[in-house]
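Here is how names work: the chains are called A, B, and so on, in the same order as the sequence lines, proteins then strands, and each is numbered from 1.
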Amino acid sequence: MEPGARTIDLRPLPFEGTWGSASTIARMVAGELVTQELESSGALEGLSKKETKRLVNEKVGDRAQELAATVADSLRTTGRFTTVEAVNGYINISYDTSSMTANLVREVLTADATYGHATPGSRRQKVMIEHSQLNTHKAAHVGHLRNICLGVAVTNISEAGGFTTMPVTYIGDIGRHVVRCLWCYSAFHEGEEPEGNASRGRWLGEIYAESVNRLNFRKDVLSVLHRVTQEDEAFVEAVDKMLKNLWREQVEGEDVAYLLGRITSQQEIKVEDLRDENVLVTFWPIVGEQLRSEAEMAAVAAEDGASAPNDHLAEWEQLNIHMADWWPQVPTWIEQEHATFQLWEKKDPAFVALWEKTRGWSVDELKEIFDEFGAHFDAWFWESAIEDAGRQIVRELLERGIAEISDGLPVVKIDERLGLEKETYHTLPILRSDGTTLYSTKDLALTQEKFEEYGVDQSIWVVDVRQSLYFDQITKILELYGFEQAANSLHLSYEFVTLPTGVISSRKGNAPMLEDVRNAMLERARAVIQEKNPSLPAEQQQQIAQDIAIGAIKYVMLARDGNKVIVFDPDEALSFDGHAAPYIQYAHARACRILEHAGVTDGAILGMIDSIEFGQLQPEELSLLQQIAEFPGIVQRAADEHRPLHITNYVYELARRFNDFYHACPVLQSEEPVRSARLALVTTTRTTLRNGLALLGIAAPRQM
RNA sequence: GCGCCCGUAGCUCAGGGGAUAGAGCGUUGGGUUGCGGACCCAAAGGCCGGAGGUUCGAAUCCUCCCGGGCGUACCA
């Protein structure tokens, strides 16, 4: 080993109540020395690797401690540190807390709202962050909530980390969902819309959900039937009897035989195979009777034992409401949907006018949501506006032989083009066979535009992890196309949000909508404020409830690593206890309160900073100061890694330490000079808490 | 098949190769003649999915295995 070739590592002491650094150098050196000594003494000869290690490990601890003690002795004689100790093979040094504290307090109060931030633009990189890609004509759900919260926080943190950021959004204002919604609107609901643009937007979301229920009605019926035959043995056994009843009622015999065969063999039923498509309308009530009698049997059995609730019956009942009415019409509706799509493709004036009008309703609603969650954008991109540019790229890709026609549609066989043996990027279709555009068509053009028109150095997509492969494909295709900057794209992915009962599926109707979650949180927050702080004026209560409700949602969405699925439990999200935003906001409010009572301002404390005595600090005070001192480093790390999680953890820990301090160290009742020192600590904490919460997009109310 | 991700306390999750692996919820028992009890303290609860490897040192890095999730040609 080369002397001096090693860097001496220093890390904060992992104990609360001390302020200093530790080095592991003695342990590292001891390991090598012990090995060398044993080797030269010949003690290791003939020993296996494992035996060698055991021998080395036996001696290394004591040796490290000896070395550490030697180093500690010589460091101590320099007189530059408050204490130097050799503990367990580590060299622990601690600093003069008084001067450290004064410097820190001065730094925080001077920087104020920018404490923890790097110099703006110090990273010399312009980063475009695309997030909150919501759709018009369709309601947003809790999954979108995670996206918005992440996008806002990542933007704030990147900016604080010294990057120049450009937040943008990309709105799905055209596509199948819009066509479906508008078909349903025209066919069933024209003129029924409520007052007010944003509420019309919400109402459109309901129309969209209805359109899906109508168009997928047959599929849903068959899927329920299939699941019942797969999961319910009693049902299959009973089917034979039921179908014989049908036979007696002289329903088409061939179809009955078909249903019988399919169900008893647990195979899927296909409408194409039925002579009379509507035989299922006749069959459906019989299915219900059977399911109901099974449920009754289960209820009886449940009295002396456990029994699962019958999901199948609930699903049956849901579908049964519209069975007779909807089932026969589904094929016509699907034709109408296709025709509506063609209206868009042909830019039919009446349709375009309807689209523009309804789009406006939705956009007003989206703006409300963005406003409430603190999402601001330097640019809005629209799917509808990028279709032509997308088609142009597809043409060029075809001309250059990068794309090809396969099975009647333009695709890029990426692995083939890259000469990869192993399937990696697969094949991506870039236009539908009928010439209508896909998401990919538009993203190819948009990605290029971001770099060329906006001159960004890096482009970040904040999007669900399920699209990882897709974004790799887009990037690779653009690289093949010769667009070098494509490599500067980053897919910042996050896992989806599920419910305790399972994956969110809007079809089952169990996906909490963004709106519902927000309203529930707000209502709960209002009730708590009313209880805790009834004397506040109503208007203020309203504002604080808003800060708390939105803060609590954001914290849940950000306090988990991106690659972890969030199980969104509405009850838990509504809890204001423990590791959650209100805990942190509460600590902040308490700090504000103390300062209010003392009647001091930041400026006053900053002015007298040199005369404040920070001499003897309590462990709780030191622990709090250390945490405050770490903030800038944490911000930097969160920015580099694009992980708001570091900030949520940090700010919680800071609040926790402040509470410890609060309980252990009286401020207003204490005597000078301690009182001033503690007031300085409180104001420093308050600023840091506020700054940390601001990065997360969470408000820091002064009272709550 | 192939690819990506996850597996840490009863549950939900932190954990930057370093000292005795930490929080919250839940459970049990405590605390204010003090600046806000949305708080605090204590107890119980862990072969960090398994097996190898690298290292003075592994929850952390590497390999394999097991279990779960997601993706994988005209959804977005």
Mark yes or no for a side-chain to base donor-acceptor pair under 3.5 Å between Ser468(A) and C4(B), with no hydrogen or angle criteria applied.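 Checked by distance alone, the answer is no.
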With distance as the sole criterion, do the side chain of Asn92(A) and the base of A19(B) form a donor-acceptor contact below 3.5 Å? yes
Which of these nucleotides, [options], is closest to any side-chain atom of [X]?
| X | options | answer |
| --- | --- | --- |
| Arg176(A) | C74(B), C13(B), C75(B) | C75(B) |
| Asn659(A) | C40(B), A23(B), G69(B) | C40(B) |
| Arg466(A) | G36(B), A14(B), C70(B) | C70(B) |
| Glu423(A) | C35(B), C39(B), C2(B) | C2(B) |
| Glu495(A) | G3(B), A38(B), C5(B) | C5(B) |
| Tyr652(A) | C35(B), A14(B), A23(B) | A23(B) |
| Lys564(A) | A76(B), C74(B), U8(B) | U8(B) |
| Thr427(A) | A73(B), C75(B), G36(B) | A73(B) |
| His579(A) | C39(B), A23(B), U55(B) | A23(B) |
| Met704(A) | C56(B), A38(B), C40(B) | A38(B) |

Sugar-phosphate only, base, or nothing, as touched by [X] at under 4.0 Å among non-hydrogen atoms:
| X | result |
| --- | --- |
| Lys59(A) | nothing |
| Asp561(A) | sugar-phosphate |
| Arg11(A) | base |
| Glu596(A) | nothing |
| Cys665(A) | base |
| Glu383(A) | sugar-phosphate |

Under 4.0 angstrom between Arg27(A) side-chain N/O and G17(B) OP1 or OP2: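 It does not, given that no N or O in the side chain of Arg27(A) lies less than 4.0 Å from OP1 or OP2 of G17(B).
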Now, which nucleotide makes the Watson-Crick or G-U wobble pair with A42(B), with each of the two distances under 3.5 Å?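 Matched A42(B) with U28(B) under the 3.5 Å cut-off.
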Planes under 30° and centres closer than 5.5 Å, is that true for Tyr90(A) with the base of G18(B)?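 Aromatic stack with G18(B) absent for Tyr90(A).
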Separation of the P atoms in G15(B) and A59(B), to the nearest angstrom: 16 Å
